[in-house]
Amino acid sequence: MNVDQQLSVMERGMVALIERSELREKLLRGTPLRVKLGVDPTAADLHLGFTVVLRKLRQFQELGHQAVLIIGSYTAQVGDPSGRDKTRPQLSEAQVLANAEQYLSQACRVLDRTRLEVRYNGEWFSRLGFMDVIRLLAKTTVARTLEREDFTQRMQAGTAIHLHELIYPLMQGYDSVMINADVELGGNDQTFNLMVGRDLQRDAGQEPQICLTMPLLEGLDGVRKMSKSYGNYVGITDAPHDMFGKIMSIGDGLMWKYFELLTDVPLEQVGAWQAGVRAGSAHPMEIKKTLAGTIVAQYHGGDAATAARAEFERVFSQHALPDEMPDYTLREGGAELDVVRVLIEAQLAPSTSEARRLIQQGAVSIDEVKVSALRVPLPAAASFVLRAGKRRFLRVTRASEI
RNA sequence: GGGGAGGUGGCAGAGCGGGCAAAGGCACCAGACUGUAAAUCUGGCGUCUACGACUACGGAGGUUCGAAUCCUCCCCUCCCCA
């Protein structure tokens with residue numbers, strides 16, 4: 001691919017590229033670029049929001065560049081303040097290392113592991129002495145550190161900002177120096193941190209890195225960014241039908257962005273669909289199914305995607321039962337079925353109170369017949385389907401019948 | 001170091017001696033409606049061996065028949081001054 005074609009791949013979905021002209025120059029040299037992405041393994045499970053930037057890194061790999069994934073074994077213990085309205089909890093090194101392993105294996109569902117350089121930043125941070133840290137701190141000023149929006153907001157809101165949070169950007173920038181990055185990728189909220197890398201590299205006599213930022217993906221609620229703590233995420237290890245269903249639950253307006261950031265569907269095609277929906281000639285739900293199917297196929301393969309789609313149509317469009325559901329074996333017999341107990345043991349309800357509520361609200365049914373009491377006569381069938389709400393199903397079998 | 005204001009349910013935030021498992025809101029769950037969703041309406045929303053009991057309003061003590069509410073100490077946060 002020539003330089004302009006490469007640039008157009010790189011620019012898909014991005015928010016900002018600093019500086020485009022510098023990137024062009026680097027590309028013209030023809031040598032592979034060192035493209036850095038830093039991640040803090042604060043949690044072990046990845047979600048689609050994070051794949052936005054991972055996918056971008058993958059694109060660089062496919063263009064022949066060297067991807068460098070920095071595992072923030074030290075920075076995770078500090079906690080990135082970017083976009084936060086309060087201090088992050090500090091993780092222990094053991095937690096971080098445990099998370100890192102799982103994180104890496106999940107990230108490699110997107111990245112090409114064989115062409116990936118993985119570095120833990122403890123490699124260099126563990127060797128710094130206190131004086132080295134002081135020298136690093138001397139490279140910036142209080143005013144510059146505090147000018148960021150997230151800190152400003154916290155100052156105004158009167159929430160605490162701890163000193164260690166202030167040095168986070170310097171640490172991230174230092175990573176760039178250590179690996180001699182040509183390009184660093186990050187979420188839009190990372191802009192400040194990425195820019196610090198440029199300064200530190202310049203100071204160290206290196207060519208400043210190019211900063212390429214990607215949008216933060218809105219979660220299923222369509223409002224807040226996708227995040228585990230908001231519960232509006234799609235995990236990349238989610239089961240195919242879950243993944244499909246979750247994606248189907250996003251608002252129609254959001255799906256275009258999902259197409260752009262989470263799939264390789266050509267933007268011309270996406271634009272055509274969008275126009276079709278606006279004109280009334282295309283059905284938004286059909287297109288959303290395509291989106292969901294495409295994403296599921298990336299993580300689980302085409303067959304699983306087809307099955308997930310069929311399942312979705314069965315359960316939601318035709319209100320039928322799903323193909324597969326968890327099994328539960330009824331231990332004791334007797335004339336009555338303790339519905340509450342079963343709901344809890346099968347984790348269809350988190351507490352006795354919740355189970356009772358579900359029953360009282362008419363959300364629970366046995367073989368599609370509403371359950372109206374906490375205990376009901378045991379169905380005659382050897383196996384029956386217990387349902388709680390729209391999407392929680394359970395196949396109950398009697399132990400004696402097995 | 002001095003002075004002031006605070007810490008309440010997932011979040012934001014009322015309450016300031018009994019009627020408080022704690023208003024109203026957001027989020028969430030369920031039902032209705034629908035193309036999934038959204039929107040809207042209705043109900044729910046600590047736990048349990050369930051018309052009663054237990055746990056809970058930063059932590060530990062105390063006053064009181066009774067404390068989220070009063071007192072003491074401790075921890076934490078914010079603001080002003082130095």
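Per chain, numbering begins at 1; letters A, B, ... match sequence-line order. Atoms considered below: every heavy atom in the structure, side chains included; atoms not considered: hydrogens, waters and symmetry mates.
Taking atom C1' on both B/rC20 and B/rC16, the two are 12 Å apart, rounded to the nearest angstrom. For B/rU69 and B/rG6, the P atoms lie 14 Å apart once the distance is rounded to whole Å. Spacing of C1' atoms, B/rG9 relative to B/rG46, comes out at 8 Å, to the nearest Å. Straight-line distance between the C1' atoms of B/rU55 and B/rU63: roughly 23 Å, to the nearest whole Å. Nucleotides B/rU47 and B/rA23, compared at atom P, are 15 Å apart to the nearest Å. To the nearest whole angstrom, the two C1' atoms, one in B/rC48 and one in B/rU36, are 37 Å apart. Atom P of B/rC45 sits at a distance of 10 Å from the matching atom of B/rA22, rounded to the whole Å. B/rG3 and B/rA53 are spaced 47 Å apart, taking the P atom of each and rounding to whole Å.
A close approach under 4.0 Å does not occur between any side-chain nitrogen or oxygen of A/Ser249 and OP1 or OP2 of B/rU36. Using a 4.0 Å cut-off, no side-chain N or O of A/Arg154 falls inside it from OP1 or OP2 of B/rU77. Between B/rC48 and A/Ser351, a contact under 4.0 Å exists linking OP1 or OP2 to a side-chain N or O. Taking 4.0 angstrom as the limit, A/Arg356 places none of its side-chain polar atoms (N or O) nearer than this to OP1 or OP2 of B/rU47. Distances shown here put a side-chain N or O of A/Thr352 below 4.0 Å from the OP1 or OP2 atom of B/rC48.
Applying the Watson-Crick and G-U wobble criteria (two distances, each under 3.5 Å), B/rG1 pairs with B/rC81. Look at B/rA60: its Watson-Crick or wobble partner, with both distances under 3.5 angstrom, is B/rU72.
The residue among A/Gly362 and A/Leu220 whose nearest nucleotide of RNA chain B lies closer to the 5′ end is A/Gly362.
For the atom pair CZ (A/Phe244) and CD (A/Glu311), the distance works out to 10.5 Å, reported to the nearest 0.5 Å. Atoms CG and CD, on A/Asn121 and A/Gln77 in that order, are 9.0 Å from each other to the nearest 0.5 Å.
The cationic atom of A/Arg387 (NZ for Lys, CZ for Arg) does not lie both less than 6.0 Å from the six-membered ring centre of A/Phe393 and within 45° of the ring axis. A cation-pi arrangement is absent between A/Lys139 and A/Tyr174, since the terminal nitrogen or guanidinium carbon is not both under 6.0 Å from the aromatic centre and inside a 45° cone about the axis. A/Arg148 forms a cation-pi arrangement with A/Phe151, by the criterion of a distance under 6.0 Å to the ring centre and an angle within 45° of the ring axis.
A donor N or O paired with an acceptor N or O is not found under 3.5 Å between the base of B/rG31 and the side-chain atoms of A/Gln361.
No engagement by A/Arg391 is indicated, since no non-hydrogen atom pair under 4.0 Å with the nucleic acid exists. A/Gln360 comes within contact range of no nucleotide atom at all, as no heavy-atom separation falls under 4.0 Å. Counting any heavy atom pair closer than 4.0 Å across all strands shown, A/Asp252 reaches a base atom.
One atom, CG of A/Leu374, and another, P of B/rA50, lie 10 Å apart when rounded to the nearest Å.
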